[in-house]
There are 2 protein chains.
Amino acid sequence: MARRSQTETAVLGALSMHPMTAYALREAIRDVLGHFWSESFGQIYPTLGALERQGHVERREGPRSGSSTFVITDSGTARLRELLNEPITAAPPRNGLLLRLFFGRTLGVRKCRELLLEAKADAERNLAGYEGLARKISAEEKDSPDLPYVLTTISAGRRSAENVIAWADEALALLGDIPADDTTPTNGESS
Amino acid sequence: MARRSQTETAVLGALSMHPMTAYALREAIRDVLGHFWSESFGQIYPTLGALERQGHVERREGPRSGSSTFVITDSGTARLRELLNEPITAAPPRNGLLLRLFFGRTLGVRKCRELLLEAKADAERNLAGYEGLARKISAEEKDSPDLPYVLTTISAGRRSAENVIAWADEALALLGDIPADDTTPTNGESS
DNA sequence: TTCCAGAAATATCTAACAGATATAAGCGGC
DNA sequence: GCCGCTTATATCTGTTAGATATTTCTGGAA
């Protein structure tokens, strides 16, 4: 079944903000959509080629020799609207932390606690980032009609980070009773 | 860089619970780890072959002709411990809902609200599932040393579902001010 | 001014992976 | 004895991440 490339949606979406080179596109996707989306060069180049062939984007002289800036066309905008309306294809879950915790008895309590503390610290860093970002965007784009939409995505990130912090504390408490069983953990050889 | 196959970890982990056929393995991963992990047949068969060649699993007579049951070996258990100790490779984010909301002005407020309501309903279904699962596992595995570990993963799912519900409400409120503008997707492209 | 380091930029290749699909054996009901 | 279902094995294709090769441009040191 279709298994439509979601890359197309992200690329057209980014170009709908303003024209860019492929390189800048990658940067924009990483910096702006990075909280909930990612694309690799390996996808971006072929996708831009296909979109050009279909007339959804046009290639213009880039900022230097051999460089191209891509501009979205009217048909590209229509195509974007079409793609955004397609049903969401859920990404299959792949959470390495939970996989390790599930087999925590094999991994050892100590290492589990370590992983949880790391995850919590990461989430705290992210949380600070989201809070700063929300303030910055709210000020800079005060009158943009895009603002409320962007704020919903930032809020998702912020809440998710808060959630991880609270969960990590609960998980640490759940593992609190388990004795630090020296038989299980740390096989010296790996890493 | 290594780009270690995470499939190996999940397969060995599942087999560490008890011997299974490849088919049952897929079922087990879907039903037991399904909240945070997924594997496809396309990965499971080649991985089992490779693990057999390395002596980490052994192939036994299966429940019927041509069928094989796989058993984890001692070296397989050691390998699992090694893999669990490797650093977590984070899955690149790919959230189709947030991608659509980010470009919400192009998609239209109405559709955004629809998507949010769907997401909330999904989360409510999931939440009920997690709560039931936590009760069931707590009772059935009351004395299992694995229980606290499993409970941390279920709690992650439950909290995540609760989080989506609260976020969806906030997002709907954020979009509340925007007029329903049926013609919304103005391709004026001014932006 | 030339040289060099590093950033910007373009492009390609491989391994990992999801999902679809082909096939067949056993099993119950009718 | 046929049909449909589940169990089971296996493979193929399109999607994707990430590594890497290469070139052009820019700023600073010699």
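So that the names make sense, note that chain A is the first sequence line, chain B the second, and so on, each numbered from 1.
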Which atom names give the shortest non-hydrogen contact between R159(A) and W167(B), and what distance separates them? CD-CB, 3.5 Å
Rounded distance in Å - CG (L25(A)) to C1' (dT10(C)): 13 Å
List in chain and number order the residues that pass ring pair (Phe, Tyr, Trp, His ring centres under 6.0 Å) with Y130(B), two or more places apart in sequence or in another chain; answer none if no residue qualifies. H35(B)
On DNA chain D, compare the nucleotides closest to P93(B) and Y23(B); which residue's is nearer the 5' end? Y23(B)
OP1 or OP2 of dA8(C) less than 4.0 angstrom from a side-chain nitrogen or oxygen of T21(A), does that happen here? no
Distance in angstrom units between Q43(B) CD and dC12(D) P, rounded: 15 Å
Describe, in one word, how the ring planes of F36(B) and F102(A) are oriented to each other, choosing from parallel (under 30°), tilted (30 to 60°) and perpendicular (over 60°). tilted
Any S68(B) side-chain nitrogen or oxygen under 4.0 Å from OP1 or OP2 of dA8(D): no
Measure CZ/F70(A) against C1'/dA11(C) and give the value in whole Å, please. 11 Å
Does a nitrogen or oxygen in the side chain of S67(B) sit under 4.0 Å from OP1 or OP2 of dA25(C)? no
Distance in angstrom units between F41(B) CZ and dT6(D) P, rounded: 14 Å
Counting just side-chain N and O atoms, does S40(B) come under 4.0 Å of either OP1 or OP2 of dA20(C)? no
Proximal nucleotide (of dA18(C), dA11(C), dT9(D)) relative to the P92(A) side chain: dA18(C)
Mind checking R26(B) for me? I need base, sugar-phosphate or nothing, with any heavy atom below 4.0 Å counting as a touch. nothing
Would you indicate, yes or no, if dA18(C) has its OP1 or OP2 atom less than 4.0 angstrom from a side-chain nitrogen or oxygen of S38(B)? yes
note: R94(B), atom CZ; dG18(D), atom C1'; distance rounded to Å ~ 13 Å
I'd like to know if E162(A) and R158(A) make a salt bridge, using a cut-off of under 4.0 Å between side-chain N and carboxylate O. yes
